[in-house]
Structure formats: C-alpha cells, structure tokens
Amino acid sequence: RSSALAITGTPVENRLTDIWSIIDFTNPGYLGNLDDFKQNYDNDVEAATSLEPLVSPLILRRKVAEVAKDLPERIDVSEVVELSESETDSYERIRRSIMNDYGSSATLVALTKLRQFCAHPSLLSDLSAHQLLGDFGKFCRLMEITEEIVECDEKAIIFTSYTKMADMIAAHVKNQFGVFSEILDGRTPI
C-alpha cells in the first residue's frame with residue numbers, strides 16, 4: 001500500500017465533507033463512505049466537535065507563530081490606487097443600481113459586487129466584454145509591480161479572492177512577460 005499526505009491551510013473551510021475528503025485520501029475508508037459520513041455528521045458545530053477526536057490524531061497542526069521563524073520576513077506595502085473618473089462613475093452607477101434593486105439586502109450585495117468591481121470590472125457579467133484588462137487602474141498597477149519583479153528575476157505569489165481574476169492574471173502574466181504563471185486553487189488536479 002502506498003502512503004499519502006495531504007496538506008491544507010483550511011481543513012474545514014466550507015463544510016465537514018471537506019475534512020472527510022482529505023481524510024479519505026490519506027486513510028481510505030477511515031470515516032466510512034461519503035453517504036454514511038453525511039448521515040452521521042451534519043454540517044454543524046456539534047458534528048465537528050464529535051468528529052474532532054477521530055481526526056485530530058491524524059492531523060499535524062502548525063500555527064503561523066510556530067513556523068514564522070522558517071518563513072522569509074513578510075513585507076507589506078500599502079498602496080492607494082485611485083479610481084479614474086470613468087471608473088468612479090461606473091462604481092457609483094453599480095452602487096445605485098444595487099441600492100434600487102435589493103432594498104434592505106443592498107449592503108451585503110453591494111459589498112460583494114463592489115469588491116468584485118474593484119478587483120476588476122470584468123468580474124461583473126454586465127461589464128465583461130467592453131473593458132480591456134490593461135484599462136483598469138488597479139490591474140495596470142499590479143502589472144507594473146509584476147514587471148518590476150520579472151525584471152529583477154524574482155518570484156511572486158499573487159492572492160485573489162476570485163477564480164476568474166486568478167485566470168485573468170495568470171494569462172496576462174504569461175502573455176505579457178513570457179514567464180511561468182500558474183494557478184493553485186481548488187481546481188488544480190492532484
């Protein structure tokens with residue numbers, strides 16, 4: 001029998017079946033089949049609490065404080081990227097539209113939609129076709145920083161909350177700079 005190792009930073013990020021999947025990969029059958037698991041463990045705190053003693057002997061948990069000395073020093077550089085006049089107009093148009101369409105739920109919807117807009121307007125389906133990647137200020141600044149990194153023959157990891165944004169960044173970096181650019185997320189095959 002071969003050995004298996006699973007590495008994750010978020011073992012129970014969305015639902016308890018995520019931990020079943022990880023444990024089943026490393027120890028097939030340990031928590032039963034998926035259907036039995038779902039019957040025995042609802043996706044709630046009580047079920048997670050009862051599952052914990054079964055899986056904790058199989059998990060090596062390391063906290064950032066424990067491994068920080070092994071990591072390079074983190075450098076945070078805050079940078080303000082202001083929206084252009086046309087970007088500001090689009091942002092405000094989207095905000096007003098959300099307020100009109102969603103009433104009392106508007107704040108939550110606005111947080112998501114406006115955050116997507118600020119990542120890149122093409123993440124919103126109604127803006128996808130007409131705006132080029134290089135025309136959005138924040139994306140332009142990201143590519144300027146990326147160019148500096150490439151010119152210095154350095155490496156970078158770019159984090160984003162949206163898979164479509166990750167796809168756009170990776171494709172643009174490959175095309176623009178001709179360097180290796182890959183995505184590591186839940187879509188990455190084993």
Student: To the closest 0.5 Å, what do you measure between CG (Leu108) and CD1 (Ile98)?
Tutor: 10.5 Å
Student: Going through the distances and angles, do Asp167 and Arg187 end up as a salt bridge (charged side-chain N to carboxylate O under 4.0 Å, His left out)?
Tutor: CA-CA 11 Å; Asp167 294 340; Arg187 301 171 296 171; 2.8 Å; yes
Student: How long is the gap from OH on Tyr162 to OG on Ser122, to the nearest 0.5 Å?
Tutor: 12.5 Å
Student: With rounding to the nearest 0.5 angstrom, report the NZ to CG distance, Lys113 to Asp101.
Tutor: 10.0 Å
Student: Check each of Leu124, Ile94, Val109 against Leu114 using the side chain to side chain contact (heavy atoms under 4.5 Å, CB included) test, and report the only one that passes.
Tutor: Ile94
Student: Between Pro53 and Ser50, which heavy-atom pair has the shortest distance, and what is it?
Tutor: CD-O, 3.4 Å
Student: Below 4.5 Å, heavy atoms only, C-beta onward: do Val173 and Val150 meet side chain to side chain?
Tutor: no
Student: Between atom NZ of Lys174 and atom CD1 of Ile169, what is the distance when rounded to the nearest 0.5 Å?
Tutor: 13.0 Å
Student: Quick check: are there more than 12 heavy atoms from other residues, nucleotides or ligands sitting under 6.0 Å from CD of Glu144?
Tutor: yes
Student: Side chains of Thr112 and Arg115, heavy atoms from C-beta outward: is any pair under 4.5 Å?
Tutor: no
Student: Between Ile145 and Leu83, is there shared hydrophobic-cluster membership here, with clusters defined by ILVMFWY side-chain heavy atoms closer than 4.5 Å?
Tutor: no
Student: Could you report the tightest heavy-atom contact between Ala170 and Ile183, atom names first, then the distance?
Tutor: CB-CG1, 3.7 Å
Student: Return yes when atom CD of Glu79 has more than 12 non-hydrogen atoms of other residues, nucleotides or ligands closer than 6.0 Å, and no otherwise.
Tutor: yes
Student: Would Tyr91 and Leu111 show up in the same hydrophobic cluster when neighbours are defined by side-chain heavy atoms closer than 4.5 Å?
Tutor: no
Student: Is the shortest side-chain heavy-atom distance between Asp89 and Arg93 below 4.5 Å?
Tutor: no
Student: Can you measure from OG1 (Thr17) to CG (Asn43) and round to the nearest 0.5 angstrom?
Tutor: 6.5 Å
Student: Would you compute the distance between atom CZ of Phe37 and atom CG of Leu16 and round it to the nearest 0.5 angstrom?
Tutor: 5.5 Å
Student: Mind checking whether His172 and Asn175 have side chains closer than 4.5 Å, heavy atoms only?
Tutor: no
Student: Measure the shortest side-chain to side-chain distance between Thr88 and Ser84 over non-hydrogen atoms and say whether it is less than 4.5 angstrom.
Tutor: no
Student: Starting from the C-alpha separation in whole Å, work towards a yes-or-no answer on side-chain contact (heavy atoms from CB on, under 4.5 Å) for Val81 and Leu142.
Tutor: CA-CA 10 Å; Val81 178; Leu142 174 62; over 6 Å; no
Student: Just wondering, do Ile19 and Ile59 contact through their side chains at under 4.5 Å, heavy atoms?
Tutor: yes
Student: Do Phe117 and Met99 share a hydrophobic cluster, counting only Ile, Leu, Val, Met, Phe, Trp and Tyr and linking them when any side-chain heavy atoms are less than 4.5 Å apart?
Tutor: no
Student: Ala119 and Leu123: which non-hydrogen atoms are nearest, and at how many Å?
Tutor: CB-CD1, 3.7 Å
Student: Please examine the side chains of Leu58 and Thr26, heavy atoms only from C-beta on, and report whether any two atoms are closer than 4.5 Å.
Tutor: no
Student: Show your working on side-chain contact (heavy atoms from CB on, under 4.5 Å) between Phe139 and Met165 and close with a plain yes or no.
Tutor: CA-CA 10 Å; Phe139 190 83; Met165 190 74 214; 3.5 Å; yes
Student: Group every Ile, Leu, Val, Met, Phe, Trp and Tyr by side-chain heavy-atom contacts under 4.5 Å, then state whether Ile149 and Ile158 land in the same group.
Tutor: no
Student: Indicate, with yes or no, if the rings of Tyr30 and Phe25 have centres closer together than 6.0 Å.
Tutor: no
Student: Might you point out which heavy atoms bring Phe136 and Glu87 nearest each other, and give the distance in Å?
Tutor: CD1-OE2, 3.2 Å
Student: Taking C-beta and beyond as the side chain, do Trp20 and Lys38 meet within less than 4.5 Å on heavy atoms?
Tutor: no
Student: Measure across Cys118 and Lys138 and return the closest heavy-atom pair with its distance rounded to 0.1 Å.
Tutor: O-CD, 3.0 Å
Student: Considering non-hydrogen atoms only, spot the tightest contact between Gly32 and Asp24 and give its length.
Tutor: O-OD1, 4.1 Å
